[in-house]
Amino acid sequence: QKEVEQDPGPLSVPEGAIVSLNCTYSNSAFQYFMWYRQYSRKGPELLMYTYSSGNKEDGRFTAQVDKSSKYISLFIRDSQPSDSATYLCAMGKTSYDKVIFGPGTSLSVIP
Amino acid sequence: DTGVSQNPRHKITKRGQNVTFRCDPISEHNRLYWYRQTLGQGPEFLTYFQNEAQLEKSRLLSDRFSAERPKGSFSTLEIQRTEQGDSAMYLCASRLSGTEETQYFGPGTRLLVL
């Protein structure tokens, strides 16, 4: 079993839809949780960064962490075609530790 | 551009050749990380530096791979005797230790070994 699991998709939604992306993990030592967006042939771009359990909102993006269930989510409201990308969840034991990534979920937002 | 930069962006080489990639981190970021990403997968950790000291190496980093950060600023990743399985995107990230900030990634170097 991999440390971080993520539905690879692809996920296709109409413009304006609410998108839910999810990851599960097995290592209870993870304390820091991130979501990165990666466009084709580009490096990952940090979207959200949270510590421990709880919610964090930034514009159209909301990240949720449930450490008791070892489950994290990213919600995208009012999805736009420009949101079409691969979304990578990532986590670390400390803020300075190496980051463990999920395999990524490919998202297409159809105009 | 004050982000992480990587050169070259693309490299095509023949099997058995040596290649070297360079990463310039964000200014004043003293932690520097190397990751490898293959198609359809998330990045996998290779190694990281605190200033010029290499603090951790993944078992993915075979003895054909070597990374340096001689002056604690830019870093190089060298692959000797490349194999077709080395074809991947090599990503560099940096962060500032002593803060709660996370890592910021560069655009990557895409390697194709023929």
Side-chain angles (χ1 to χ4, degrees), chain A residues 2-11 21-27 30-52 54 56 58 63 65 72 74 85-107, chain B residues 1 3-7 9-10 21 23-26 29-51 53-61 88-112:
Chain A
K2 291 188 175 181
E3 276 193 290
V4 182
E5 304 272 7
Q6 187 175 5
D7 185 347
L11 183 60
L21 302 166
N22 309 295
C23 282
T24 58
Y25 62 95
S26 57
N27 192 336
F30 289 138
Q31 298 276 2
Y32 293 84
F33 303 91
M34 291 137 283
W35 285 94
Y36 287 86
R37 178 174 61 194
Q38 187 173 30
Y39 292 112
S40 181
R41 300 184 178 276
K42 303 290 186 182
E45 170 195 8
L46 180 67
L47 280 179
M48 301 289 281
Y49 176 46
T50 56
Y51 168 71
S52 196
K56 183 174 183 179
D58 185 0
V65 175
I72 69 171
L74 178 70
T86 295
Y87 289 80
L88 298 157
C89 64
M91 45 203 77
K93 298 174 187 176
T94 66
S95 62
Y96 51 84
D97 199 6
K98 61 183 180 287
V99 171
I100 307 299
F101 283 85
T105 298
S106 175
L107 171 68
Chain B
D1 187 356
V4 178
S5 62
Q6 293 186 246
N7 288 287
R9 294 292 309 279
H10 304 274
F21 310 140
C23 170
D24 287 87
I26 294 172
H29 277 196
N30 49 358
R31 287 220 170 195
L32 186 149
Y33 305 77
W34 285 99
Y35 291 81
R36 181 175 68 185
Q37 185 177 23
T38 54
L39 200 62
Q41 299 298 316
E44 295 176 291
F45 170 76
L46 292 178
T47 188
Y48 85 87
F49 293 84
Q50 166 91 2
N51 298 314
Q54 189 173 16
L55 296 186
E56 185 174 349
K57 293 167 60 173
S58 163
R59 62 179 182 274
L60 292 176
L61 212 67
M89 172 89 92
Y90 290 84
L91 292 160
C92 176
S94 71
R95 71 177 297 277
L96 183 62
S97 66
T99 70
E100 291 298 305
E101 288 190 7
T102 187
Q103 303 169 23
Y104 293 90
F105 281 82
T109 295
R110 184 170 294 277
L111 172 66
L112 178 61

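Just so you know, these numbers come straight off a predicted model, no measurement behind them. Residue numbers start from 1 in every chain, and the chains themselves are labelled A, B, ... in the order their sequence lines are given, proteins ahead of strands.
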* **Counterpart residues, salt bridge (charged side-chain N to carboxylate O under 4.0 Å, His left out), relative to B:Glu56 (two or more places apart)** => A:Lys98

* Asked: Can you say whether the rings of A:Phe33 and A:Tyr25 are parallel (under 30°), tilted (30 to 60°) or perpendicular (over 60°)?
  -> tilted

* Please look at A:Gln38 and chain B and tell me whether the side chain, the backbone, both or neither of the residue comes under 4.5 angstrom of a heavy atom of that chain. => side chain

* Please flag which part of A:Tyr32 lies under 4.5 Å from any non-hydrogen atom of chain B: side chain, backbone, both or neither. => side chain

* Under the side chain to side chain contact (heavy atoms under 4.5 Å, CB included) criterion, do B:Trp34 and B:Leu61 qualify, and how do the steps go? -> CA-CA 10 Å; B:Trp34 285 99; B:Leu61 212 67; over 6 Å; no

* Which bit of A:Pro44 comes within less than 4.5 Å of chain B, counting heavy atoms only: side chain, backbone, both or neither? -> both

* Structure fact -> Hits for side chain to side chain donor-acceptor pair (under 3.5 Å) against A:Asp97, two or more places apart or cross-chain, chain-then-number order -> none

* Structure fact -> Bottom line for B:Gln6: the part with an atom under 4.5 Å from chain A's heavy atoms is neither

